Amino acid sequence: MNFKEMNCPFCKGLLKVPEDLNTCVCMYCGKKIDVGSTEKVAENCNEYEKLCDTAMNQGASILLEYLDLMKSFKANLYEDAFNRYLESCLPIIQTLDKVCGRLPYIDRNQLLRQEYAVETEQQLVDLWVYRILDDMEEACKIKRSENGKITNTKKVDENRFILALFTVPMIRETKLEIAEVVADAITNEWGKRYPLQKFSKADYIEIKDGFKRRKLCFITTAVCDSLGKPDDCFELEAFRAFRDSYLMETEEGKRLVEQYYDIAPSIVNTINVLEERDEIYESLWQEYLEPCLEYINHGQEEACKQVYVDMVHTLTRTYVLP
């Protein structure tokens with residue numbers, strides 16, 4: 001058997017491979033290598049550009065064709081909606097993964113489309129992300145000025161929630177080699193474009209499990225936790241007593257509690273992926289929960305109920321069904 005020497009196009013490690021082999025796995029970095037590709041430069045360039053066109057043209061569809069996803073961001077709907085979304089978008093992410101796999105084998109001087117003549121997979125992924133967010137801004141009529149002013153901030157938030165709760169977790173859930181690079185690129189580029197509306201990189205299991213933790217007084221627990229208060233603090237005990245000894249004593253109160261437990265996990269899950277979550281929880285404490293606690297302490301349970309209902313309605317409109 002005859003062997004030939006070559007360098008891994010990814011890590012540059014020196015390899016000896018059989019001459020009749022088409023593919024192998026690098027013993028140093030573990031990546032799959034197209035051994036014969038160096039003899040098919042023109043073919044590789046053509047294939048690479050076609051894959052780039054497909055990936056770039058389809059990229060924005062993972063967001064723009066799913067702008068109603070937040071309607072499914074509820075405990076009984078999220079898992080099925082997410083899996084359908086993953087199944088639909090997987091071929092697009094796989095195409096981008098293939099493009100990045102071709103990158104080490106091309107001759108950039110032979111490319112017809114010079115915007116694709118990048119040096120690294122990070123540059124290629126960034127180009128893909130730029131195209132998605134540019135198309136989103138055009139479709140949603142979002143404009144950013146040099147002084148930082150942004151128009152149509154409601155649409156910015158709607159897209160932010162979908163990216164944070166569905167798109168980035170979906171990409172990470174593909175488990176493809178490029179997945180984390182893409183997830184980081186989306187999160188970072190969004191933060192640069194919208195510094196006051198950033199979000200954190202979350203994963204599917206983390207969000208799904210968040211729906212299963214049916215904590216009593218879900219929102220107040222999240223607020224108190226953000227403020228450094230323990231689970232058995234005076235404030236939480238007071239709210240739990242209000243629920244059990246006042247709300248649960250009437251049919252109307254029972255319906256409110258049931259509605260609350262249906263929507264509260266979605267509210268908290270959304271807030272928790274936002275960069276400004278601590279500020280949001282601080283605001284909720286000052287604007288709603290602290291006044292509620294004062295009403296409870298003075299025996300004004302009905303006033304407390306009204307403030308709490310107003311809070312849940314406002315949060316639902318803002319973070320679940322904007």
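Counting from 1, the numbers follow the sequence of the chain as shown. For clarity, every value in this text was computed on a predicted model and none was experimentally measured.
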Engineer: Looking at side-chain heavy atoms only, is the closest gap between Phe82 and Leu69 below 4.5 Å?
Structural biologist: no
Engineer: Restricting to non-hydrogen atoms, name the atom on Cys52 and the atom on Leu124 that form the minimum distance, rounded to 0.1 Å.
Structural biologist: SG-CD1, 4.2 Å
Engineer: Ignoring hydrogens, what is the shortest heavy-atom contact between Pro91 and Ser88? Give both atom names and the distance.
Structural biologist: CD-O, 3.5 Å
Engineer: Check step by step if side-chain hydrogen bond (donor to acceptor under 3.5 Å, both in side chains) holds for Tyr319 and Asn269.
Structural biologist: CA-CA 9 Å; Tyr319 298 112; Asn269 266 336; over 6 Å; no
Engineer: Between the side chains of Lys155 and Glu158, is the shortest nitrogen-to-carboxylate-oxygen separation below 4.0 Å, so that they form an ion pair?
Structural biologist: yes
Engineer: Examine the side chains of Ser200 and Arg277 and answer whether a donor and an acceptor come within less than 3.5 Å of each other.
Structural biologist: yes
Engineer: Side-chain polar contacts of residues 184-198 - donor-acceptor pairs under 3.5 angstrom, sequence neighbours left out - could you list them?
Structural biologist:
unit_1	atom_1	unit_2	atom_2	d
Asp184	OD1	Lys201	NZ	2.8
Thr187	OG1	Ala183	O	2.9
Asn188	ND2	Asp184	O	3.1
Glu189	OE2	Arg193	NE	2.8
Trp190	NE1	Gln197	O	2.8
Arg193	NH1	Asp134	OD1	2.9
Arg193	NH1	Glu137	OE1	3.3
Arg193	NH1	Glu137	OE2	3.3
Arg193	NH2	Asp134	OD1	3.0
Tyr194	OH	Glu137	OE2	2.5
Gln197	NE2	Asp157	OD1	3.4

Engineer: Treating Thr318 as the side-chain partner and Thr314 as the backbone partner, does any N or O pair qualify as donor plus acceptor under 3.5 Å?
Structural biologist: yes
Engineer: Looking at every heavy atom in both Asp231 and Leu236, which two are closest together, and how far apart are they?
Structural biologist: O-CD1, 3.5 Å
Engineer: Check step by step if side-chain contact (heavy atoms from CB on, under 4.5 Å) holds for Val156 and Asn152.
Structural biologist: CA-CA 7 Å; Val156 174; Asn152 211 347; 5.8 Å; no
Engineer: Drop me the distance from Met136's CE to Ile142's CD1, to the nearest 0.5 angstrom.
Structural biologist: 4.0 Å
Engineer: Is it true that atom CD of Glu249 has more than 12 heavy atoms of other residues, nucleotides or ligands lying nearer than 6.0 Å?
Structural biologist: yes
Engineer: Atom OG in Ser226, atom CD1 in Ile280: separation rounded to 0.5 Å?
Structural biologist: 9.5 Å
Engineer: So Leu315 and Val320, side-chain contact (heavy atoms from CB on, under 4.5 Å) or not? Walk me through it.
Structural biologist: CA-CA 7 Å; Leu315 293 177; Val320 181; over 6 Å; no
Engineer: Check for me, please, whether Leu67 and Leu77 land in the same ILVMFWY cluster - side-chain distances under 4.5 Å, paths through other members count.
Structural biologist: no
Engineer: Given side chains that start at C-beta, do those of Tyr281 and Asp225 come closer than 4.5 Å, heavy atoms only?
Structural biologist: no
Engineer: Which heavy-atom pair separates Ile93 from Trp128 by the least distance, and what is that distance?
Structural biologist: CD1-CH2, 3.8 Å
Engineer: Measure from the side-chain N and O atoms of Asn57 to the backbone N and O of Asp53, and report whether any donor-acceptor pair falls under 3.5 Å.
Structural biologist: yes
Engineer: Counting neighbours of OH on Tyr295 that are heavy atoms of other residues, nucleotides or ligands and sit closer than 6.0 Å, is the number greater than 12?
Structural biologist: no
Engineer: With a 3.5 Å cut-off and no angle check, do the side chains of Tyr130 and Asp135 form a donor-acceptor pair?
Structural biologist: no
Engineer: Flag yes if Val25 and Val17 sit in one hydrophobic cluster, no otherwise; membership is Ile, Leu, Val, Met, Phe, Trp, Tyr, and two members link when side-chain heavy atoms are under 4.5 Å apart.
Structural biologist: no
Engineer: With no hydrogens and no angle check, just 3.5 Å: does a side-chain donor-acceptor pair link Asn83 and Glu79?
Structural biologist: no
Engineer: Would you check if Met27 and Leu15 make a side-chain contact, meaning some heavy-atom pair closer than 4.5 Å?
Structural biologist: yes
Engineer: Can you check whether Val99 reaches Arg102 side chain to side chain, under 4.5 Å on heavy atoms?
Structural biologist: no
Engineer: Closest heavy-atom contact between Arg144 and Ile150?
Structural biologist: CG-CG1, 4.1 Å
Engineer: Please report the interatomic distance CD1(Ile92) to CG(Leu96), rounded to the nearest 0.5 Å.
Structural biologist: 10.5 Å
Engineer: Go through Phe234 and Lys229 one step at a time and tell me if the side-chain contact (heavy atoms from CB on, under 4.5 Å) criterion holds.
Structural biologist: CA-CA 9 Å; Phe234 166 77; Lys229 299 179 184 293; over 6 Å; no
Engineer: Do you know which of Tyr66, Tyr78, Phe161 makes ring pair (Phe, Tyr, Trp, His ring centres under 6.0 Å) with Phe166?
Structural biologist: Tyr78
Engineer: Checking Glu119 against Gln123: is there a side-chain donor and acceptor pair closer than 3.5 Å?
Structural biologist: no
Engineer: Near Gln114 CD, under 6.0 Å, is it more than 12 heavy atoms from other residues, nucleotides or ligands?
Structural biologist: yes
Engineer: Side chains of Glu301 and Ile296: closer than 4.5 Å at any heavy-atom pair?
Structural biologist: no
Engineer: If you round to the nearest 0.5 Å, how far is CD1 of Ile62 from SG of Cys89?
Structural biologist: 6.0 Å
Engineer: If you measure from the Lys or Arg side-chain nitrogens to the Asp or Glu carboxylate oxygens, is any gap between Lys50 and Glu47 under 4.0 Å?
Structural biologist: no
Engineer: Can you confirm whether Val168 sits close enough to Phe199 that some side-chain heavy atom of one is under 4.5 Å from a side-chain heavy atom of the other?
Structural biologist: yes
Engineer: Would you check, one step at a time, whether the test side-chain contact (heavy atoms from CB on, under 4.5 Å) holds for Ile106 with Arg108?
Structural biologist: CA-CA 6 Å; Ile106 63 169; Arg108 289 161 184 79; 4.1 Å; yes
Engineer: Hey, quick one: are Leu293 and Val309 part of the same hydrophobic cluster, counting side-chain heavy atoms closer than 4.5 Å, chains of contacts allowed?
Structural biologist: no
Engineer: Considering only NZ, NE, NH1 and NH2 on the basic side and carboxylate oxygens on the acidic side, decide whether Lys305 and Glu252 come within less than 4.0 Å.
Structural biologist: yes
Engineer: Check whether any side-chain heavy atom of Tyr288 sits under 4.5 Å from a side-chain heavy atom of Val223, and report yes or no.
Structural biologist: no
Engineer: Once you round to the nearest 0.5 Å, how far does NZ of Lys98 lie from CD1 of Ile178?
Structural biologist: 14.5 Å
Engineer: How close do Phe3 and Pro18 get, heavy atom to heavy atom, and via which atoms?
Structural biologist: CD2-N, 3.6 Å
Engineer: Using a strict cut-off of less than 4.0 Å between a Lys/Arg side-chain nitrogen and an Asp/Glu carboxylate oxygen, indicate whether Lys254 and Glu251 qualify as a salt bridge.
Structural biologist: yes
Engineer: Could you state whether Leu256 and Tyr308 fall into the same hydrophobic cluster, counting links through intermediate Ile, Leu, Val, Met, Phe, Trp or Tyr residues with side-chain heavy atoms under 4.5 angstrom apart?
Structural biologist: no
Engineer: Start with the C-alpha distance between Arg240 and Glu237, add both sets of side-chain angles, then the distance that settles salt bridge (charged side-chain N to carboxylate O under 4.0 Å, His left out), and finish with yes or no.
Structural biologist: CA-CA 5 Å; Arg240 289 163 183 161; Glu237 294 298 328; 3.4 Å; yes
Engineer: Within a strict 4.5 Å, meaning less than it, do heavy atoms of the Glu49 and Leu112 side chains meet?
Structural biologist: yes
Engineer: For residues Ile205 and Leu165: do they belong to one hydrophobic cluster (side chain heavy atoms under 4.5 Å, members Ile, Leu, Val, Met, Phe, Trp, Tyr)?
Structural biologist: yes
Engineer: Under the ring pair (Phe, Tyr, Trp, His ring centres under 6.0 Å) rule, what do Tyr85 and Tyr204 come out as? Steps first, then yes or no, please.
Structural biologist: CA-CA 12 Å; Tyr85 182 52; Tyr204 167 62; over 10 Å; no
Engineer: Look up atom SG in Cys45 and atom CG in Leu111, then write down how far apart they are to the nearest 0.5 Å.
Structural biologist: 5.0 Å
